[in-house]
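Structure, as structure tokens:
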Amino acid sequence: MFDEVWRKFSGLGQFSRTRIDESLDNVLIREVPMCEFTVPGAQNTRVLVVGATSRIGRIVVRKLMLRGYNVKALVRKADQDVIDMLPRSVEIVIGDVGESSTLNAAVEGCNKIIYCATARSTITGDLNRVDYQGVYNVSKAFQDYNNKLAQLRAGKSSKSKLLLAKFKSEESLNGWEVRQGTYFQDVIAAKYDGGMDAKFEFTETGNAVFSGYVFTRGGYVELSKKLSLPLGSTLDRYDGLLLSVGGNGRSFVLILEAGPTADTAESKTYFARMSTKVGFCRARIPFSSFRPVKPDDPPLDPFLVHTLTIRFEPRRQRPVEGPAGSKQDLRSFKLIIEYIKALPTGEETDFILVSCTGSGIEPNRREQVLKAKKAGEDSLRRSGLGYTIVRPGPLQEEPGGQRALIFDQGNRISQGISCADVADICVKALHDSTARNKSFDVCYEYMAEQGKELYELVAHLPDKANNYLTPALSVLEKNT
Amino acid sequence: MASSRCTALPTQLATPPRRHLHGPSSSTTTTTATRSSSSSSSSLSWRRTLAHDNFVASAAVSSLLSVTSSSSSQGIIRCTTERTVATNLAPGTPVRPTSILVVGATGTLGRQIVRRALDEGYDVRCLVRPRPAPADFLRDWGATVVNADLSKPETIPATLVGIHTVIDCATGRPEEPIKTVDWEGKVALIQCAKAMGIQKYVFFSIHNCDRHPEVPLMEIKYCTEKFIQDAGLPYIIIRLCGFMQGLIGQYAVPILEDKAVWGTDAPTRIAYMDTQDIARLTFIGLRNEKINKKLLTFAGPRAWTTQEVITLCERLAGQDANVTTVPVSVLKLTRQLTRLFEWTSDVADRLAFSEVLTSDTVFSAPMTETYSLLGVDQKDIITLEKYLQDYFTNILKKLKDLKAQSKQSDFYI
């Protein structure tokens with residue numbers, strides 16, 4: 001009692017410092033009700049940081065720790081200096097992104113992944129291993145883990161794609177119907193037209209090919225099927241379509257018919273354009289990009305979709321860039337279809353990938369680096385995970401939060417950015433719905449000459465509770 | 001005591017862990033030798049003021065101080081010239097500007113500084129006293145913790161290797177003699193920082209410390225300010241008024257727990273400030289090239305008396321406080337009494353603040369100029385009302401959640 005009174009009494013003489021007892025620590029530090037860094041729900045989120053010892057990764061880990069996340073760090077070797085570099089309560093897992101077998105343990109228990117590993121050299125083997133194969137392996141391991149969890153719950157993973165059609169045999173083509181038609185009737189011209197023809201067949205090489213020609217003015221051919229979804233799944237839980245296609249690079253129109261299945265006369269049609277390129281590619285077409293054919297119709301409700309159509313029309317085709325002199329007839333087409341899947345929907349991003357813009361890399365290796373990075377980005381995009389791809393300008397080692405940032409799409413940026421700012425973007429993007437399924441470039445703002453400003457200033461110097469990311473990203477295109 | 005420290009320091013400096021940061025060892029020994037003599041005399045002179053403890057005509061102090069500063073500056077200036085040449089010639093990796101050392105990282109302010117620094121992407125090293133229960137939270141956040149003790153100067157140099165900026169927010173704990181950490185330790189640290197070419201030294205001082213030489217802590221802070229200014233290394237001195245965080249333990253928790261709140265009837269007003277804001281402003285200032293060798297004062301938006309703070313807490317908590325008001329005269333008397341006994345002299349030093357409390361001082365400073373210098377908007381600085389309101393809202397909400405679950409009585413903390 002006397003001690004207590006004496007302590008209080010002598011404490012009166014103090015005014016600038018107080019003793020902090022352990023219990024008060026909890027209020028002010030751990031439980032942090034009033035800390036500017038806390039993120040609600042962080043305690044229940046476990047983030048895997050791949051490349052935790054990289055320039056960005058180190059800061060990402062610290063930022064996550066400060067905000068109360070559970071952090072797992074994937075490192076190749078748990079040397080003493082690696083351990084010293086990471087905060088003590090980070091869970092360290094040993095693994096190599098190039099070895100898919102080592103990744104299952106790493107993704108276990110994780111809700112989100114931030115991938116900031118990058119190849120140590122610009123040797124093609126290294127680039128492929130880390131920047132491409134690594135992203136593929138990690139996203140695959142994560143999806144496998146999600147599926148495994150879902151199976152334990154006797155359900156399907158909410159992060160896995162829904163297979164709508166896969167063409168791997170003759171039989172798989174059943175139900176697909178080839179039709180032709182014209183937008184307008186021109187009786188006289190039709191007499192002189194070369195007509196049109198199209199077929200959908202399974203070739204000896206094991207491909208399902210939709211090919212033909214349309215010489216008729218205003219004519220089109222299309223491939224259509226009534227969708228039969230597996231029991232219990234509806235398309236409203238999905239975000240869009242993913243098609244794996246090949247061919248000669250024509251552009252197509254995807255048409256969805258939606259309406260009550262009982263009465264097809266009530267159906268409304270919606271369309272979206274799909275561009276392909278020569279060779280194989282994956283096209284991502286979000287449901288949000290479908291527009292009603294009749295402008296007065298309501299926006300597409302994926303729940304009601306019952307028929308999918310792929311239409312080819314010779315209008316608005318762009319010649320494919322190829323060797324000069326090769327004559328292309330834009331009225332003929334070939335489309336190899338491998339599969340059609342529906343992409344799962346979600347609020348937040350699952351996987352944040354730090355890529356690069358290519359500026360600042362030695363010029364003679366730039367192409368190879370970008371190729372590997374791009375391949376990695378693509379493999380993430382088609383994984384079905386919600387993704388955010390951050391392409392920072394040349395990295396600078398300086399404190400973050402000092403300068404305004406430019407967010408842009410389209411490879412136009414020229415400035416550098418500090419590692420700490422990139423890390424901040426990664427951490428902020430974790431729970432930001434505007435960051436889902438977006439790729440963007442980011443760098444410091446720069447002072448353009450008068451009248452030559454290319455960009456709008458979208459970010460500000462961070463202050464307390466400043467969220468610059470949401471307004472900056474909400475203007476950018478999705479599914480990029 | 002002083003001389004033993006000073007002999008220890010040069011040996012450390014002459015055998016540095018990594019050579020590239022230091023000059024040729026011959027110059028090191030000579031400079032430190034000259035400095036050791038001057039600093040020992042200065043610390044001795046300081047001790048004399050305390051020993052006499054005559055209630056200080058301020059003129060006497062200032063003259064003493066001028067002696068202190070002039071004698072030390074001679075030594076230091078000589079050291080400057082040689083040192084800069086040596087640093088420039090020395091080969092080795094340049095120190096990264098993101099590497100900082102925080103002294104006093106476990107304190108109320110220090111931990112916010114560390115947290116802010118880590119979040120802004122600095123590599124933070126924390127100088128922490130070796131102790132049985134280590135400061136785990138610093139490591140959890142990702143800072144590197146090195147063990148050193150300012151009262152043992154030979155432990156200092158190794159911690160400064162590869163460091164660009166030193167942020168010094170250390171203050172001795174109430175239970176230990178002020179002098180060991182706050183004067184001798186700081187002198188050793190500053191000399192060491194100078195010798196090792198630290199490129200910026202941030203020192204946290206107390207507002208009005210030049211006006212209250214009778215309070216030992218404030219006098220030491222003032223002497224340290226002078227010492228830094230004369231040491232010739234780039235510095236920022238930031239004078240602070242009071243921390244909002246301190247009010248939680250002093251008033252908010254006791255009020256919620258229905259325990260006695262001890263207050264004084266002192267008319268002194270303090271402009272409390274949130275340590276998170278202090279940390280934020282500090283780093284903005286640190287990166288601003290224009291703010292070098294400057295003395296800034298950070299003050300909160302409004303100055304409060306103890307009574308006002310208690311009233312505010314009562315209003316926000318929705319309950320009356322059980323206030324025990326101790327007249328300042330009692331504090332003063334106690335101080336006089338305790339000074340009579342040798343073993344209570346530390347207590348006397350601590351109660352010396354009562355001298356400040358009786359004077360009608362306002363611990364506040366106009367911030368407009370500082371805000372514009374730093375480019376900060378005043379409305380981003382949290383007010384005490386808002387701070388305490390946030391605290392009580394959070395706590396009362398938590399209390400509601402817990403009340404249903406248990407009969408535990410210590411939810412306030």
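In what follows, chains carry the letters A, B, and so on, assigned in the order in which the sequence lines appear, proteins first and then strands, with residues in each chain numbered from 1.
With rounding to the nearest 0.5 Å, the separation of CG in A:Leu86 from CZ in B:Arg139 is 14.0 Å. Of the inter-residue distances, the one linking B:Tyr122 atom OH with A:Glu398 atom CD reads 9.5 Å to the nearest 0.5 angstrom. The distance from atom NZ of A:Lys63 to atom CZ of B:Arg115, rounded to the nearest 0.5 Å, is 13.0 Å.
Here the closest non-hydrogen pair linking A:Pro87 and B:Gly142 is CG-CA, 3.3 Å. Considering all non-hydrogen atoms of both residues, B:Arg287 and A:Pro399 come closest at NH1-CB, 3.7 Å. Nearest heavy-atom pair across A:Ile59 and B:Leu118 is CG2-O, 4.4 Å.
Of the atoms belonging to B:Asp377, not a single heavy atom falls under 4.5 Å from chain A. Looking at B:Thr98, the atoms closer than 4.5 Å to chain A (heavy atoms on both sides) all sit in the side chain, from C-beta outward.
Residues from residues 72-84 of chain A never place a non-hydrogen atom less than 4.5 Å from a non-hydrogen atom of chain B.
Counting heavy atoms from C-beta outward, B:Asp123 and A:Arg62 have side chains that approach closer than 4.5 Å.
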